[in-house]
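Sequence positions, counted from 1, serve as the residue numbers for this chain.
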Amino acid sequence: MSRTVVVIGGGYGGSAVAKALDAEADVVLIDPRDAFINSAGSLRALTQPDWAHNMFFPYDQWLRRGTVVRDRAVSADPGGVTLASGRRIEADYLVLATGSSYTYPAKPNADSTGEVLDDLLRTHKELAGSERVLILGAGPVGLELAGEIKEVWPHKHVTILDPAEQLLPAFPAEMRAELRRQLDELAVHLRLGTGLTAPPATEPGQAATFTVATTGGEEITADIWFRAHGARVNSDYLADGELTTRSPQGQVPVTETLNVRGYDRVYAIGDITDVAEAKMAGYAMQHAEVVAQNIIAQLRGEQPAATYRPLPHPMILLPLGPRQGVGQLPSPDGPVVVPAETVSAYKGADLFTGRFTEQFGAA
């Protein structure tokens, strides 16, 4: 049986499945970047540039046999993928793992490691010279950004604005109350249930004093602002319908085995799937384990039997800097709210750097 596995996208899920199949098949990983980027570290890299190098794991250092093609997919079908360069790559197995885009600096804009580092350092300098910071969006990204800023510059005046009435409404009141307590301790100013009558006149991430009006009649003056909302599924290369029909959100339908519906050798993982769960890196990596097991079974002439079922309750690890934060994790008796010490140990202290060094360290 032919053994070419083409993985489109080298983020959390795509890199994990490529690594898992590297010894089992001829893996071709397609991504415009030169490295796997642990974007969970982007906000700390913004506030602490000396830490930024921890985010990058060059593809050519951890794929022993596989091939990395630095390009973008513009079309995909059951037999392979067409790239922006015009090149066609045939596939015996195809894995869609293109994830989602998010506003900078939570996810980098540039494709090369050097450009990403330059962007973060430039924005760091803008932020360092700004005393008043406005963050639009009180989801996990906006909250984590506030925590990272306060860790480095406790004196900065940080305001988070969001039209939602509640913080993280999908999570228990106990966890949300602890989150509010820690934000108060950090002197982060929350403005919930209100938006802006007009966006700031300045560009996000650029230092320039401005004043904005809220829908609640308040005025806020700040020296820099960041957008912390606006995820978008990266699936434009499927728009031609050659492979599947996307949902209005740009996601693709998958089965319990994470096959794209209608195909036994085409899989999808991570944010691009229509799996009913929050779109998180940890889930994408769990998807990767299922898909790798199923492709290995098929390569051995067996039926793919690994399935994925989303957790009945959401989980989260939300650090507010390296030592503080809130979380909810699964347990045999149901979800449990975990203290800041647990959040720090699992994520906040190193933002998974150790985990990815072990997984994607030099070959």
Side-chain angles (χ1 to χ4, degrees), residues 1-37 58-60 62-101 107 111-112 232-247 249-255 257-275 279 284-285 287-288 290-296 298-299 304:
M1 180 181 288
S2 298
R3 305 175 67 88
T4 301
V5 179
V6 175
V7 181
I8 309 175
Y12 289 101
S15 286
V17 80
K19 178 73 170 179
L21 294 174
D22 194 30
E24 305 286 342
D26 299 321
V27 172
V28 180
L29 178 63
I30 299 167
D31 196 281
R33 291 184 166 141
D34 56 5
F36 164 69
I37 299 178
Y59 295 123
D60 59 7
W62 55 261
L63 275 180
R64 294 176 185 272
R65 299 176 62 248
T67 302
V68 181
V69 178
R70 289 192 65 185
D71 209 333
R72 281 185 167 83
V74 295
S75 182
D77 57 72
V81 57
T82 301
L83 305 178
S85 62
R87 180 180 176 185
R88 166 79 180 179
I89 298 180
E90 302 293 332
D92 300 303
Y93 298 87
L94 187 61
V95 182
L96 312 180
T98 40
S100 61
S101 300
K107 286 190 177 180
D111 290 336
S112 75
R232 178 180 176 274
V233 176
N234 295 328
S235 63
D236 288 353
Y237 63 99
L238 301 174
D240 58 14
E242 291 294 318
L243 182 63
T244 188
T245 300
R246 300 176 296 164
S247 74
Q249 294 75 37
Q251 296 167 343
V252 301
V254 293
T255 66
T257 53
L258 296 178
N259 287 94
V260 174
R261 290 194 182 278
Y263 304 102
D264 61 358
R265 293 194 185 183
V266 182
Y267 293 86
I269 57 180
D271 293 5
I272 197 173
T273 71
D274 68 348
V275 176
K279 301 307 177 183
M285 297 181 74
H287 295 182
V290 170
V291 168
Q293 290 176 39
N294 285 334
I295 291 177
I296 289 171
Q298 289 173 295
L299 291 170

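Every side chain to side chain contact (heavy atoms under 4.5 Å, CB included) that Ser112 has, sequence neighbours left out, goes to Asp34, Arg70, Glu115. The side chain to side chain contact (heavy atoms under 4.5 Å, CB included) test applied to Glu90 returns Arg88, not counting sequence neighbours.
Annotation: the span from Thr67 atom OG1 to Asp22 atom CG amounts to 9.5 Å, rounded to 0.5 Å. Atoms OG1 and CG, on Thr4 and Asp26 in that order, are 5.0 Å from each other to the nearest 0.5 Å. Here the CZ-CG distance, from Arg72 to Leu83, works out to 11.5 Å after rounding to the nearest 0.5 Å. A distance of 8.5 Å separates CD of Gln251 from CD1 of Ile272, quoted to the nearest 0.5 Å. To the nearest 0.5 Å, the span separating CG on Leu96 from OG1 on Thr244 amounts to 8.5 Å. Interatomic distance, Ser235 OG to Arg246 CZ, rounded to the nearest 0.5 Å: 4.0 Å.
Judged by distance alone, with hydrogens and angles left aside, the side-chain atoms of Thr273 form a donor-acceptor pair with the main-chain N or O of Gly270 at under 3.5 Å. Within the 3.5 Å criterion, the main-chain N or O of Asn259 finds no donor-acceptor partner in the side chain of Tyr267. Formation of a donor-acceptor pair under 3.5 Å by the Tyr263 side chain with backbone atoms of Leu243 is found in this model. Checking side-chain atoms of Arg65 against main-chain N and O of Ala25 turns up a donor-acceptor pair under 3.5 Å. Gln298 places a side-chain N or O within donor-acceptor distance of the main-chain N or O of Asp264, the cut-off being under 3.5 Å.
Between Phe36 and Gly10, the closest heavy-atom pair is CD1-O, 3.6 Å. When every heavy atom of Ser85 is checked against every heavy atom of Asp71, the shortest pair comes out as OG-OD2, 2.6 Å. Taking all atoms of both residues into account, the shortest heavy-atom contact from Asp274 to Val254 is OD1-N, 3.2 Å. Nearest heavy atom pair, residue Ala18 against residue Leu29, reads CB-CD1, 4.4 Å. Of all heavy-atom pairs spanning Ala288 and Ala16, the tightest one is CB-CB, 3.7 Å. For the residue pair Asp92 and Arg265, the shortest heavy atom distance occurs at O-CD, 3.1 Å.
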(message) Under the criterion side chain to side chain contact (heavy atoms under 4.5 Å, CB included), I'd like the reasoning laid out for Leu258 against Val275: C-alpha separation, chi angles, the key distance, then a yes or no.
(response) CA-CA 9 Å; Leu258 296 178; Val275 176; 4.1 Å; yes
(message) Determine whether Val68 and Asp60 satisfy the following criterion, side chain to side chain contact (heavy atoms under 4.5 Å, CB included), listing intermediate values before the conclusion.
(response) CA-CA 7 Å; Val68 181; Asp60 59 7; 5.6 Å; no
(request) Evaluate the side chain to side chain contact (heavy atoms under 4.5 Å, CB included) criterion for residues Leu94 and Ile8: first the C-alpha distance (whole Å), next the side-chain angles of each, then the deciding distance (0.1 Å), finally the verdict. (result) CA-CA 8 Å; Leu94 187 61; Ile8 309 175; 3.9 Å; yes
(request) Carefully, step by step, assess Val81 and Val28 under the rule side chain to side chain contact (heavy atoms under 4.5 Å, CB included). (result) CA-CA 11 Å; Val81 57; Val28 180; over 6 Å; no
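Under the side chain to side chain contact (heavy atoms under 4.5 Å, CB included) rule, Ser101 has a single partner from Asp271, Asn234, Val233, which is Asn234.
With no hydrogens or angles considered, no side-chain donor-acceptor pair links Asn294 and Thr257 at under 3.5 Å.
In this structure, Arg87 and Ile30 have side chains that are not in contact, with every pair of non-hydrogen atoms separated by 4.5 Å or more.
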